[in-house]
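Below is one structure, written out as structure tokens; the observations come after it.
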Amino acid sequence: MAPEKRPNVLAAHLNPRLLFLTGIVVIVCFLFQQNLIVRIGQVLVFAVLVVLAGKRIRIGYFLIMVSSITVFNLLTPVGEVLLRLGPIVVTRGALRQGLMKGFAIPGLVFISLFAVRPDLRLPGRLGGLVARLFFYFEHLLEGRKRIRLKRFVDSVDELLMDLLQSTTASVARDGSSPGIRTTHLGYLFVSILAIANIAAVVLFGSF
Amino acid sequence: MKVPREARYDAIALMGALCLFFSTLEYLIPKPVPFFRLGLANLPILLSLSIFTPADVLLLVALKVIGQGLVNGTLASYVFLFSAAGSLASVAVMLVVHRFGSRWVTLIGVGVFGALASNSVQITLSVTFIFGDAAWVIAPLFLGIGVASGFMVGLVAERFRARSRWLGSMKERYRGP
């Protein structure tokens with residue numbers, strides 16, 4: 001049985017464009033954060049928000065990523081020697097730099113995962129083009145079970161021929177945002193998120 | 001001949017949707033090596049080289065990158081920047097190879113050049129911004145994977161170009177009534 005899809009708690013309270021703009025503010029603050037402990041704390045908060053947004057986090061993947069980035073940075077010693085592990089010299093500067101970079105990656109991915117939704121509509125002509133893209137994408141997905149790996153080219157071609165004959169792109173030509181209104185709770189949430197991240201960078205960052 | 005804008009946009013959007021669709025299908029294909037990505041999403045871009053104008057191929061690539069960013073939720077992360085930089089390098093190289101070498105180079109060759117360009121840029125970015133100089137040691141492995149995936153996608157593209165009825169209809173649609 002397929003795993004049950006988690007509900008997106010954030011989507012019920014927030015317009016996708018407001019959430020995206022809040023995400024941009026948070027990204028800037030996160031990147032300027034220079035305190036390692038605060039950065040790790042931010043990553044943990046963002047992970048919770050990803051779960052609230054109904055998405056799954058591959059913990060093992062991110063642990064491997066943080067570890068490998070840290071190890072690669074340790075290969076260039078900087079500052080006081082903390083430990084010697086055979087040929088590898090663990091230095092304070094390299095360890096700090098490695099962990100800062102290592103946690104930056106999942107942090108940025110987590111922000112993006114909770115702040116970007118497929119129903120985000122971009123403005124202007126490009127937004128209209130993206131809307132058409134998703135119109136066709138949804139139609140293609142409906143026919144995905146017709147694809148056979150053994151006759152991949154032919155089955156894709158048949159699906160595309162049917163699509164070409166049956167659809168007209170009667171999709172929104174502009175990039176207007178879908179009608180999800182932000183609730184009071186949603187405004188409270190984005191305010192707290194933005195203010196907390198701005199405060200963190202003012203108090204501990206490099207501003 | 002000037003291509004009507006509506007017809008152009010429809011054709012580009014459909015090709016972009018095909019990129020996203022192939023990206024989704026790729027999950028169904030077993031991977032021989034962990035982290036190996038076949039890059040099937042590049043197949044429509046290879047096919048578009050002989051249909052679209054260079055400007056529209058670039059627009060298609062932009063659409064593919066934005067679409068993937070929205071579907072995967074990576075639009076506001078480093079993944080998006082890496083993907084955009086890799087795709088831009090790849091399409092630039094593919095356009096040049098296809099424009100000046102299509103008499104001698106098949107879509108397989110074009111695909112290999114594109115994959116090499118994309119992987120080279122992504123390795124350079126990850127060494128510069130994430131892993132540090134020590135990570136150059138894994139560059140040959142990733143370039144090797146790039147050659148293999150570019151070859152396979154190019155092979156499928158050649159086969160598709162030879163057999164597809166849809167591609168002919170797509171050309172007509174792009175040119176408009």
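Source: prediction; values computed, not measured. Here is how names work: the chains are called A, B, and so on, in the same order as the sequence lines, proteins then strands, and each is numbered from 1.
Only the side chain of A/Ile147 comes within contact range of chain B, judged by heavy atoms closer than 4.5 Å. With a threshold of 4.5 angstrom between heavy atoms, A/Ser68 approaches chain B through its backbone and through its side chain. When heavy atoms are compared at a cutoff of 4.5 Å, A/Ile27 approaches chain B solely by way of its side chain, counted from C-beta outward. Both the backbone and the side chain of B/Leu18 have a heavy atom closer than 4.5 Å to some heavy atom of chain A. Looking at A/Phe134, only its side chain comes within 4.5 Å of chain B, counting heavy atoms on both sides. Only the side chain of A/Leu159 comes within less than 4.5 Å of a heavy atom of chain B; its backbone N, CA, C and O stay farther away.
Without hydrogens or angle criteria, A/Arg92 side chain to A/Leu82 main chain gives no donor-acceptor distance under 3.5 Å. Looking at B/Ser90, its side chain never comes within 3.5 Å of a backbone N or O of B/Gly86 through a donor-acceptor pair.
The aromatic rings of A/Phe152 and B/Phe22 are tilted relative to each other, their planes meeting at an angle between 30° and 60°. Taking the six-membered ring for Trp and thresholds of 30 and 60 degrees, A/Phe62 and A/Phe110 have ring planes more than 60 degrees apart, a perpendicular arrangement.
Between chain A and the residues B/Val156, B/Leu167, B/Leu20, the largest count of heavy-atom pairs under 4.5 Å involves B/Leu20. Annotation: maximal heavy-atom pairing with chain B below 4.5 Å, among A/Ile111, A/Ile105, A/Ile24, occurs at A/Ile105. When the candidates A/Leu108, A/Val156, A/Leu140, A/Leu126 are compared by the number of heavy-atom contacts under 4.5 Å with chain B, A/Leu140 comes out ahead. With chain A as partner, the option from B/Arg165, B/Met15, B/Arg159, B/Lys64 having the largest number of non-hydrogen pairs under 4.5 angstrom is B/Arg165. Heavy-atom pairs under 4.5 Å with chain B peak, among A/Val109, A/Leu75, A/Ile69, at A/Ile69. Contacts with chain A were tallied for B/Gly67, B/Gly16, B/Ala62, B/Ser164; B/Ser164 has the most, counting heavy-atom pairs under 4.5 Å.
Using a 4.0 Å cut-off between a side-chain N of Lys or Arg and a carboxylate O of Asp or Glu, B/Arg163 and A/Asp154 qualify as a salt bridge. A salt bridge links A/Arg151 with A/Glu158; the closest basic N to acidic carboxylate O contact falls under 4.0 Å. Electrostatic pairing of A/Asp162 and A/Arg146 counts as a salt bridge here, judged by a charged N lying under 4.0 Å from a carboxylate O.
Geometric assessment of B/Arg8 against the ring of B/Tyr174 yields a negative cation-pi assignment under the 6.0 Å and 45° thresholds.
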